[in-house]
Amino acid sequence: MTGQVRTVDGRVAGRRGQATRQKLLDCLSEMLSSSPYRDVKVIDVARKAGTSPATFYQYFPDVEGAVLELAEEMAKEGAGLTELVGGRSWVGKAAWQASEELVEGFLDFWRRHDAILRVVDLGAAEGDKRFYKIRMKVLNSVTNSLTDAVKELQSKGRVDKDVSPAAVAGSLVVMLSGVASHQKGFTTWGVKQADLRPNLALLVHLGITGKKPVR
């Protein structure tokens with residue numbers, strides 16, 4: 001956590017206050033992993049953190065405000081997803097390796113933050129612009145880099161000039177996020193996790209390069 005942490009009324013929180021605030025966030029995050037978002041109450045978060053609802057309200061206006069704080073922290077980490085694509089070669093064997101590592105990194109990120117991402121998706125679907133912006137911040141970290149990758153391949157004549165780089169990149173990222181949020185559901189279709197990732201990487205490779213991978 002960087003910068004000054006303030007209470008709801010604008011006071012700068014001391015070291016103990018920051019620790020209490022972080023504990024409340026940690027407890028909320030843990031509760032979101034096991035309880036529906038709408039069922040989480042301030043009194044339950046405070047009790048789990050070993051403090052009072054009054055203390056909770058010193059740092060957050062309500063549960064939603066605390067959830068947004070968690071979501072913003074997740075989005076900051078999500079900005080690092082751009083490193084999975086930026087500066088990579090999408091030619092030959094390197095393209096297959098880039099596809100595999102993008103799928104691995106993206107799905108792993110989604111699994112680590114599954115609880116808060118479910119809440120973000122819910123808020124975005126309901127039209128809450130705050131959650132929508134956070135969701136787009138995470139997706140843009142990959143979409144923009146993939147768009148640049150397709151543009152570069154186009155400039156070298158490796159991808160047809162009629163292809164829309166942004167449309168391809170956006171479609172692939174939405175596909176990745178859809179698969180990431182449905183990882184457990186694939187077992188009901190008889191798909192093993194060991195088979196999911198390489199086949200998803202194949203789709204990414206085909207989408208970016210338009211060619212079968214060289215392995």
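Under the 4.5 angstrom side-chain criterion for Ile, Leu, Val, Met, Phe, Trp and Tyr, V214 has no cluster partners at all.
Taking the side chain as every heavy atom from C-beta outward, L84 and E104 never approach each other to under 4.5 Å. Considering only heavy atoms from C-beta on, V142 comes within 4.5 Å of L102 through its side chain. Here the side chains of T147 and K151 are in contact, with some heavy-atom distance below 4.5 Å. Counting heavy atoms from C-beta on, the side chains of E72 and K133 never come closer than 4.5 Å. Counting heavy atoms from C-beta on, the side chains of P213 and L202 come closer than 4.5 Å. In this structure the side chain of V103 never reaches within 4.5 angstrom of the side chain of L196, judged on heavy atoms.
A donor-acceptor contact shorter than 3.5 Å links the side chain of N140 to the backbone of M136. Although no hydrogens or angles enter the test, the distance criterion places a donor-acceptor pair under 3.5 Å between the side chain of D62 and the main chain of G65. Under a 3.5 Å cut-off, the side chain of S141 and the backbone N or O of G78 do form a donor-acceptor pair.
With sequence neighbours left out, the ring pair (Phe, Tyr, Trp, His ring centres under 6.0 Å) criterion links Y37 to no other residue. Remark: A66 engages L25, L28, F56, F60 in a side-chain contact (heavy atoms from CB on, under 4.5 Å) (not counting sequence neighbours). Applying the ring pair (Phe, Tyr, Trp, His ring centres under 6.0 Å) criterion to F131, with sequence neighbours excluded, gives no partner residue. Scored by the salt bridge (Lys or Arg N to Asp or Glu O under 4.0 Å) test, K48 finds E30 as partners (sequence neighbours excluded). Under the ring pair (Phe, Tyr, Trp, His ring centres under 6.0 Å) criterion, W110 pairs with F106, not counting sequence neighbours. In terms of the side-chain contact (heavy atoms from CB on, under 4.5 Å) criterion, residue partners of A115 (sequence neighbours excluded) are, by chain and number, L32, S33, R118.
Residue pairs satisfying the side chain to side chain donor-acceptor pair (under 3.5 Å) criterion with at least one member in residues 80-103, sequence neighbours excluded, are listed as follows: T82-S145, R88-E101, W96-E100, Q97-E101. Sorted by first and then second residue, the side chain to side chain donor-acceptor pair (under 3.5 Å) pairs with a member in residues 185-195 form an empty list; sequence neighbours excluded. Among residue pairs with one or both ends in residues 203-215, none qualify as salt bridge (charged side-chain N to carboxylate O under 4.0 Å, His left out); sequence neighbours excluded. Listed by first and then second residue, the side chain to side chain donor-acceptor pair (under 3.5 Å) pairs involving residues 156-180 are E152-K156 (not counting sequence neighbours). Listed by first then second residue, pairs satisfying salt bridge (charged side-chain N to carboxylate O under 4.0 Å, His left out) with a partner in residues 177-189 number zero, not counting sequence neighbours.
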Exercise for the section: Dump the intermediate steps for side chain to side chain contact (heavy atoms under 4.5 Å, CB included) on H113 and V120, then the final yes or no. Expected result: CA-CA 10 Å; H113 300 286; V120 169; over 6 Å; no
Problem - salt bridge (Lys or Arg N to Asp or Glu O under 4.0 Å) between R47 and D44, intermediate numbers included - result: CA-CA 5 Å; R47 183 181 294 126; D44 298 323; 3.3 Å; yes
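The pair D26-K23 does not meet the salt-bridge criterion, since no charged nitrogen lies less than 4.0 angstrom from a carboxylate oxygen.
V168 and V174 end up in different hydrophobic clusters when Ile, Leu, Val, Met, Phe, Trp and Tyr side chains are linked at under 4.5 Å. The hydrophobic clustering, which links ILVMFWY residues whose side-chain heavy atoms are closer than 4.5 Å, places L206 and L200 apart.
Classification of the F186-H182 ring pair by plane angle, with boundaries at 30° and 60°, yields perpendicular.
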